[in-house]
Number of protein chains: 2
Amino acid sequence: MNTAVSRNEAEPRKESVSCPMDFILRMLMGPWTTYILYNLKTHGPQRFGELKRRVSGISAKMLTERLRTLEGAGLLRRDYEATIPPKVTYSLTKRGHELDDVLGRLAEVGMRWEAEDAAQRALRAMELKAAE
Amino acid sequence: MNTAVSRNEAEPRKESVSCPMDFILRMLMGPWTTYILYNLKTHGPQRFGELKRRVSGISAKMLTERLRTLEGAGLLRRDYEATIPPKVTYSLTKRGHELDDVLGRLAEVGMRWEAEDAAQRALRAMELKAAE
DNA sequence: TCCTAAGGTTACGAATTGGTACCTACTGGC
DNA sequence: GCCAGTAGGTACCAATTCGTAACCTTAGGA
């Protein structure tokens, strides 16, 4: 989280309340992280350049750093072939796939809220029109 | 997302892949956010000072900012009584409670991983001893 | 008269973050 | 010869972030 994010993900923050989901959220929270996981999940294993093109706007530095972090957390695997030019393929590990379910539910909740908000906005717009 | 974290949560990042869980993760990812939600969930509605004492280490500024963000997202409610001294109570909204399930699962996965890692470490330690 | 308490807000400053530009090494195409 | 593409690494620079300290209100207590 990290937090955003913006804290060192290894530092356990002195353990005030001991929230078990903190680590995992701190992992997911990193910028771009969900985009990367989402892409790997839906498009399968991909090479660095492919991923960079899909997650448009990300810098190579960021992508590298995120991939290293996710690899370190065991969420994805990095296969390096020392050909010329080199070929590096990233794919989700078993652990990475274990997040599919949770992330799916999270997405579900997010989409429901989005839909509810849209409905609310539409309702309010209609009320405004009716009031004219 | 924190996030990061570290991005403005309102900015939709130009929508490259349109990941539906991005918004919600960007919300949860903020530093301290899970601690706050966890506390409100387990200890019920609380006043500002109480919360600050429980989430030890957080600064008043951070707590205020996080609470405002969560309130803006509709995850918690802020009840202000203009007594002297003022009394402000925070509690989870219906939406806030909708996260209970997902966060519970996330915590479950996190704890399973932790346990697995601990088992791995124990195994390796035993192997080291056996190799002596 | 000064201090405490509540729940903040504001200004300042240091640390982190993430983008840009440039570097590697090697091959293929023009 | 020069440029592109592959997968990065490194240095620098600007912006953001978060903590600290100070300040606000008002009432009551020493």
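Per chain, numbering begins at 1; letters A, B, ... match sequence-line order.
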Quiz prompt | Residues that A:Pro45 engages under side-chain contact (heavy atoms from CB on, under 4.5 Å), provided they are two or more places apart | solution = A:Thr89, A:Ser91

Quiz prompt | Length of the line joining B:Glu81:CD and C:dG8:C1', which is rounded to integer Å | solution = 16 Å

Donor-acceptor list for residues 94-109 of chain B side chains, cut-off 3.5 Å, not counting sequence neighbours:
unit_1: B:Arg95; atom_1: NH2; unit_2: A:Glu116; atom_2: OE1; d: 3.1
unit_1: B:Arg95; atom_1: NH2; unit_2: A:Asp117; atom_2: OD1; d: 2.9
unit_1: B:His97; atom_1: ND1; unit_2: B:Asp100; atom_2: OD2; d: 3.0
unit_1: B:Glu98; atom_1: OE1; unit_2: A:Arg112; atom_2: NE; d: 3.4
unit_1: B:Glu98; atom_1: OE1; unit_2: A:Arg112; atom_2: NH2; d: 2.4
unit_1: B:Glu98; atom_1: OE1; unit_2: A:Trp113; atom_2: NE1; d: 3.2
unit_1: B:Asp101; atom_1: OD1; unit_2: B:Arg105; atom_2: NE; d: 3.4

Practice problem: Flag the pair A:Asn39 / A:Lys41 as yes when at least one side-chain heavy-atom distance between them is below 4.5 Å, and no otherwise. | Solution: no

Practice problem: Compare all side-chain heavy atoms of B:Thr33 with those of B:Thr69 and state whether any distance is below 4.5 angstrom. | Solution: no

Exercise. Work out how much the helix from C:dT1-D:dA30 to C:dC30-D:dG1 bends between its end axes, five pairs an end, to the nearest 10 degrees.
Key: 40°

Acceptor/donor pairs from residues 119-132 of chain A side chains to any protein atom, 3.5 angstrom cut, sequence neighbours excluded:
none

Practice problem: Using whole Å, report how far CD of B:Gln46 lies from P of C:dA6. | Solution: 14 Å

Practice problem: Determine, for nucleotides 1-11 of chain D in 5'-to-3' order, which nucleotides have protein heavy atoms under 4.0 Å from the base (write B), from only the sugar-phosphate (write S), or from neither (write -). | Solution: -----BSSS-B

Self-check item: Integer-rounded Å distance: D:dG19 C1' and B:Arg66 CZ
Solution: 15 Å

Practice problem: Using only side-chain N and O atoms of B:Trp32, determine if any of them is under 4.0 Å from OP1 or OP2 of D:dG19. | Solution: yes

Quiz prompt | For A:Thr83, side-chain contact (heavy atoms from CB on, under 4.5 Å) partners two or more places apart | solution = A:Glu81, A:Lys87

Exercise. Treat each ILVMFWY residue as a node, draw an edge where side-chain heavy atoms are under 4.5 Å apart, and state whether B:Phe48 and B:Ile84 are in one component.
Key: no

Practice problem: Specify the separation, in whole Å, of atom CD of A:Glu65 and atom C1' of C:dG18. | Solution: 9 Å

Self-check item: Residue list, side chain to side chain donor-acceptor pair (under 3.5 Å) with B:Arg78, at least two apart or on another chain
Solution: B:Tyr90

Quiz item: Nearest-Å distance, CG (B:Leu63) to P (C:dG8)?
Solution: 8 Å

Exercise. May I have the distance from A:Lys52 (atom NZ) to C:dG18 (atom C1'), rounded to whole angstrom?
Key: 13 Å

